[in-house]
Colleague: 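Sending over a structure as structure tokens; questions will come in a sec.
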Amino acid sequence: MFAIARSELIQIFRNRLVLVTGLVVPVAVSAFFVYQHKIFEDVAGLGYIAAIVMFTVMAFGLYTTAVTTLASRRQNLFLKRLRSTAAGDADILTGLLLPITVIALIQVAAILGVLGVVATEPARIPLLLAAVLATLAMMVCLALATAGLTNSPEHAQVTTLPVSLLVIAVASWVGITGTEDLAPLKRLLPAGAATELVVNAWEGDVPVADSLLLLVPTLGWVVVALALASRLFRWEPRR
């Protein structure tokens, strides 16, 4: 697994397109939100900024790059060759996705850390960590499912758009308007409950027990995405 991960990490830094779309663009967008934090804080609060930053990195840096990576490795038959080795399916997928997952976590941690320094620190860091990890799991599992519908790296630019735009839109909707109205709908949508959890963690004005319940919808999406991935994911190109 670690040999696969090391090889994949080298490929990431050799691929300029992946570096730009998966690493540079999410950081640039997030840096804009942090730089303009006073404006966005007046509109929706620091919790909203933290949530939109997290989903920008997770949607474009992690999810899109993961789908592109899996589609590329399938197209050049690398997935098929790996399955002929002693490595199991779980080890192969973990090795391929581990580098970009770790990079996304470092990005989120660094950007939220800067936000905490230039503005106000989160009130409940463990709760914020739980929200980040749950979101990470959801986006990785959604990437596995989407990869099953993606024929090539170029096709990934199309297949990843619906989920990427949806989670950003939902995070913005929930972060700005809150959940006083249409709470069940907002929380059931992907990114809805996670956004509310991040806001609660940063602001600290909601009991921890109530906030922890917000993990359930996000983890539910993990289960749904895994079920879809088990049916849709392919190891070889379609013929």
Colleague: What are the two closest non-hydrogen atoms of Gly47 and Val198, and how far apart are they?
Modeller: O-CG1, 3.8 Å

Colleague: Looking only at atom types and distance, does a side-chain atom of Arg81 sit under 3.5 Å from a main-chain N or O of Asn76, one as donor and one as acceptor?
Modeller: yes

Colleague: With sequence neighbours excluded, give me every side chain to side chain donor-acceptor pair (under 3.5 Å) pair touching residues 204-218.
Modeller: Asn200-Ser211

Colleague: Which residues end up grouped with Trp173 if you chain together Ile, Leu, Val, Met, Phe, Trp and Tyr wherever their side-chain heavy atoms are less than 4.5 Å apart?
Modeller: Leu166, Val170, Val174, Leu182, Leu185, Leu189

Colleague: What pairs with Arg6 under side chain to side chain contact (heavy atoms under 4.5 Å, CB included), at least two apart in sequence or on another chain?
Modeller: Ala3

Colleague: Under 3.5 Å, sequence neighbours excluded: what are the donor-acceptor pairs made by side chains of residues 123-143?
Modeller:
from: Arg124; atom 1: NH1; to: Val206; atom 2: O; distance (Å): 2.3
from: Thr135; atom 1: OG1; to: Ala131; atom 2: O; distance (Å): 2.8

Colleague: Atom CG in Leu149, atom NE2 in His155: separation rounded to 0.5 Å?
Modeller: 8.0 Å

Colleague: Which pairs pass side chain to side chain donor-acceptor pair (under 3.5 Å) with one or both residues in residues 99-122, sequence neighbours excluded?
Modeller: none

Colleague: Of the non-hydrogen atoms in Pro26 and Ser30, which two are nearest, and what is the gap between them?
Modeller: O-OG, 2.8 Å

Colleague: Tell me, please, which residues at least two apart from Ala183 pass side chain to side chain contact (heavy atoms under 4.5 Å, CB included).
Modeller: Thr179, Arg187

Colleague: Less than 4.5 Å apart, side chain to side chain, heavy atoms only: is that true for Trp202 and Ile49?
Modeller: no

Colleague: When you compare the side chain of Tyr63 with that of Thr146, does any pair of heavy atoms fall below 4.5 Å?
Modeller: yes

